[in-house]
Structures are given as C-alpha cells and as structure tokens.
Amino acid sequence: VQLVESGGGQVQVGDSLRLSCTVSGRTINMNGMGWLRQPLGKERAFVAAISYSGGSTYYANSVKGRFTISRDNAKNQVHLQMDSLQPEDTAVYFCAVGRLHTVVAVASGYDYWGQGTQVTVSS
C-alpha cells in the first residue's frame, strides 16, 4: 500500500493550499481516511477525518471552519482544502488509511501512512 501526498508548499498568512493524497495498492472505499500533522519537534496530531462514504467528517478544533476534508473514492484520493492559513499550521502533513470505516481522531487508528508533505506558513 502506498500513499503519496502532494500540494504542500510555502505560503503567506491568510493564503490557501489544497493537499491531495493518492492511494495505490488497495481500494479505500471501505476505510475512513485522515490527515494528521507534525510540527518540527512536536508529536503528530490529528487534523481531520472522513468516513468511508464521505458522509461524516471530523476536525480538530484548531482547524474547524478553515479546513475541509473530502474524498473521491473513484480515484482513490483524499483531499484537504486549507484556507486562512496561520503560522501555527506549519507542519508536515500526513494522510493515512483508517482501520475502521468511520472517522478516527487518533493516530493509533490508522494503519497506512504517506511520507508527508511540508506546509510552511510565513507571517
């Protein structure tokens, strides 16, 4: 199973980015998917999750109202639209395949991980 994230970069405060994750080696249409992030020197933290059908989503309080997770099961992809970016959003962002079909808000609930993509927000 391989997950490849893309779309990261360096932006200014208030800008937007759209991260994408493409999964190969298995279909994800029965798995919840998630995005987690890890700032330099800190632990990996939950950002957003989406259920297998896309019918349920869940966000960390710090990104609620600014980030939107979505998925395209036909393309085996999951996306994270990030708006109104702030310096505290700077981190490596990872997508992951959940063990269950529901939303999962802890890192231990994910079985497969991508390599991550760097997001840097400058003030």
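The closest side-chain heavy-atom distance from Asn76 to Thr27 is below 4.5 Å. For the pair Thr90 and Gln118, the minimum side-chain heavy-atom distance is below 4.5 Å. Looking only at side-chain heavy atoms (C-beta outward), Val104 and Arg99 stay at 4.5 Å or farther from each other. The closest side-chain heavy-atom distance from Thr22 to Leu3 is not below 4.5 Å. In this structure, the side chains of Thr68 and Leu80 stay at 4.5 Å or more apart for every pair of heavy atoms.
Cluster annotation: Val13 and Val63 are assigned to the same hydrophobic cluster (Ile/Leu/Val/Met/Phe/Trp/Tyr, side-chain heavy-atom contacts under 4.5 Å, transitive). Under a hydrophobic clustering in which Ile, Leu, Val, Met, Phe, Trp and Tyr are joined whenever their side-chain heavy atoms come within less than 4.5 Å, directly or via other members, Met33 and Tyr59 fall into the same cluster. Met82 and Val11 end up in the same hydrophobic cluster when Ile, Leu, Val, Met, Phe, Trp and Tyr side chains are linked at under 4.5 Å. Note on Leu100 and Ile28: separate hydrophobic clusters, where clusters join Ile, Leu, Val, Met, Phe, Trp and Tyr whose side-chain heavy atoms are under 4.5 Å apart, directly or indirectly. Under the 4.5 Å side-chain heavy-atom criterion for grouping Ile, Leu, Val, Met, Phe, Trp and Tyr, Tyr110 is not connected to Tyr93 through any hydrophobic cluster.
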* Does the pair Leu17 and Val119 meet the rule for a side-chain contact (heavy atoms from CB on, under 4.5 Å), with working shown? -> CA-CA 9 Å; Leu17 280 175; Val119 172; 3.9 Å; yes
* To do: Determine, step by step, whether His79 and Ser70 satisfy the side-chain hydrogen bond (donor to acceptor under 3.5 Å, both in side chains) criterion, reporting the C-alpha distance in whole Å, the side-chain angles of both residues, the deciding distance to 0.1 Å, and the verdict.
  => CA-CA 5 Å; His79 306 284; Ser70 61; 5.2 Å; no
* Let me see the working for Val23 and Gln77 under side-chain contact (heavy atoms from CB on, under 4.5 Å), right down to the final yes or no. => CA-CA 6 Å; Val23 183; Gln77 292 179 331; over 6 Å; no
* With side-chain contact (heavy atoms from CB on, under 4.5 Å) as the test, would you mind laying out the steps for Val97 and Asp111 before giving the verdict? => CA-CA 6 Å; Val97 179; Asp111 286 333; 5.7 Å; no
* Asked: Can Ile50 and Tyr58 be said to form a side-chain contact (heavy atoms from CB on, under 4.5 Å), step by step?
  -> CA-CA 7 Å; Ile50 188 166; Tyr58 187 72; over 6 Å; no
* To do: Could you go through the side-chain hydrogen bond (donor to acceptor under 3.5 Å, both in side chains) check for Ser122 and Gln10 one step at a time?
  => CA-CA 7 Å; Ser122 302; Gln10 184 166 353; 3.2 Å; yes
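Taking CG of Leu19 as the reference point, atom CZ of Phe67 lies at 8.0 Å (rounded to 0.5 Å). Here Met30 contributes atom CE and Arg26 contributes atom CZ; the two are 10.5 Å apart, rounded to the nearest 0.5 Å. Atom CD in Glu5 sits 5.0 Å away from atom SG in Cys21 (nearest 0.5 Å). To the nearest 0.5 angstrom, Thr120 atom OG1 is 10.5 Å from Leu85 atom CG.
Counting heavy-atom neighbours within 6.0 Å of Lys42 NZ, excluding the residue itself, gives a total of 12 or less. Remark: Gln115 CD is loosely packed, at most 12 non-hydrogen atoms of other residues, nucleotides or ligands lying under 6.0 Å away.
In this structure a side-chain-to-backbone donor-acceptor pair under 3.5 Å is present from Thr117 to Gly8.
When every heavy atom of Pro39 is checked against every heavy atom of Ala91, the shortest pair comes out as N-CB, 3.6 Å. Annotation for Asn31 and Gly98: closest pair ND2-O, 2.9 Å, computed over non-hydrogen atoms. Closest non-hydrogen pair, Phe46 versus Ala105, comes out as CB-O, 3.4 Å. What you find for Ser16 and Ser84 is that their closest heavy atoms are OG-N, 4.3 Å. Residues Gly34 and Ile69 share a closest heavy-atom pair of CA-CD1, 4.5 Å.
For the salt bridge (charged side-chain N to carboxylate O under 4.0 Å, His left out) condition, the pairs that include at least one residue of residues 81-94, sequence neighbours left out, are Arg37-Asp89, Arg66-Asp89.
A search for side-chain hydrogen bond (donor to acceptor under 3.5 Å, both in side chains) contacts involving Asn73 returns Arg71, not counting sequence neighbours.
Using cut-offs of 30° and 60° for the angle between ring planes, the His101 and Tyr52 rings count as perpendicular.
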